[in-house]
Amino acid sequence: GGVSYITVPNYKVIGEYGSLSYDLATVYNIKTSPYAIGLDLSLSYFLYDRDYIASDRSASRNSVALYPNFKYNFSDKTSMNTSLNISFANPRSRADEWALLPKTISQRFGVGYAYTRDIYLSPYVNFFPDKLSLDRTTINFSTVFSLL
C-alpha cells in the first residue's frame, strides 16, 4: 500500500492532489515445473481539492484492478511473463460513490532478470488486445531494488 502526492499537470488540473492505495500479490509455482501463475490486486482511492466539474471528464474516485498473470522461468534469474489488467473505476461524475464501471482490458508481456538477489529488472510492452495498434502500445521498464 502507499500514499502518493500528485505533481503531474494532467491530474492537478482536475483537482487531484493525492491517492491512497493497497496492493496484494500472490504467486503459485506449479510443482517442480518452470511455470507459475498468480493474481495481483490493487485498490486505489483518489483525493481531490475541489468538487467535480464537467471538464474533469472521466476522473475517478476509486478503482479496483485485478491482474491474473502467468510466468515461465528459464532459470533462477531469467523469466518471461504476461498479465491482464482487468480494472473497474468509479467516475466522480456519478452520484453513486461505489458504482464500479469496467475499463478497457489491457495486457502486458515482458521479461524479467534478477541481476542480484536485491535488483530485479523487467522491461515490458503494454497494449490493448482488442485494439492492437502502435499508437496504443507502450514500452516500459520496471525495476525493483530491495533495501532490506
Closest non-hydrogen atom pair, [X] against [Y]:
{"X": "Glu16", "Y": "Phe46", "result": "OE2-CD2, 3.4 Å"}
{"X": "Thr26", "Y": "Asp40", "result": "N-OD1, 3.9 Å"}
{"X": "Ser60", "Y": "Arg92", "result": "C-CG, 3.8 Å"}
{"X": "Asp51", "Y": "Asp56", "result": "O-OD2, 4.1 Å"}

From CA spacing to verdict: side chain to side chain donor-acceptor pair (under 3.5 Å), Ser79, Asn81: CA-CA 7 Å; Ser79 64; Asn81 58 74; 4.5 Å; no

Side chain to side chain contact (heavy atoms under 4.5 Å, CB included) evaluation trace for Ile53 with Ile14: CA-CA 8 Å; Ile53 56 176; Ile14 62 172; over 6 Å; no

Short question: side chain of [X], backbone of [Y] - any donor-acceptor pair under 3.5 Å?
{"X": "Arg61", "Y": "Pro91", "answer": "yes"}
{"X": "Tyr52", "Y": "Arg57", "answer": "yes"}
{"X": "Asn90", "Y": "Asp96", "answer": "yes"}

Please say yes or no: joined through hydrophobic side-chain contacts below 4.5 Å, possibly via intermediate residues, are [X] and [Y] part of one cluster?
{"X": "Trp98", "Y": "Phe88", "result": "no"}
{"X": "Val13", "Y": "Leu47", "result": "no"}
{"X": "Val64", "Y": "Tyr45", "result": "no"}

4.5 Å side-chain heavy-atom contact, Ser21 and Asp23: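 Ser21 vs Asp23: side chains touch.
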
Distance (rounded to the nearest 0.5 Å) between Ser44 OG and Leu20 CG: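 Nearest 0.5 Å value for the OG-CG distance: 9.0 Å.
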
Value rounded to 0.5 Å, distance of CG in Leu39 from CD1 in Ile86: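 Nearest 0.5 Å value for the CG-CD1 distance: 8.5 Å.
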
Any donor-acceptor N or O pair under 3.5 Å, side chains Asn85, Ser87: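 Distance-only check passes for Asn85 and Ser87.
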
Exceeds 12 heavy-atom contacts within 6.0 angstrom, atom CG of Leu24: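 Result for CG/Leu24: enclosed.
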
Trace of the side chain to side chain contact (heavy atoms under 4.5 Å, CB included) decision for Lys77 with Tyr115: CA-CA 7 Å; Lys77 289 185 170 265; Tyr115 183 70; over 6 Å; no

Side-chain atoms of residues 117-131: list all donor-acceptor pairs with protein atoms under 3.5 Å, sequence neighbours left out, distances to 0.1 Å.
unit_1, atom_1, unit_2, atom_2, d
Ser122, OG, Val111, O, 3.2
Tyr124, OH, Arg108, NH2, 3.2

Residues Leu100, Asn62; criterion side chain to side chain contact (heavy atoms under 4.5 Å, CB included); working and verdict: CA-CA 8 Å; Leu100 294 172; Asn62 52 62; 3.4 Å; yes

Pairs involving residues 1-37, ordered by first then second residue, that meet ring-ring contact (aromatic ring centres under 6.0 Å, His included) (sequence neighbours left out):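 Applying ring-ring contact (aromatic ring centres under 6.0 Å, His included) to every pair that reaches into residues 1-37, excluding sequence neighbours, yields Tyr35-Phe70, Tyr35-Tyr72.
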
Trace of the side chain to side chain contact (heavy atoms under 4.5 Å, CB included) decision for Ile37 with Ile30: CA-CA 8 Å; Ile37 57 173; Ile30 301 173; 4.2 Å; yes

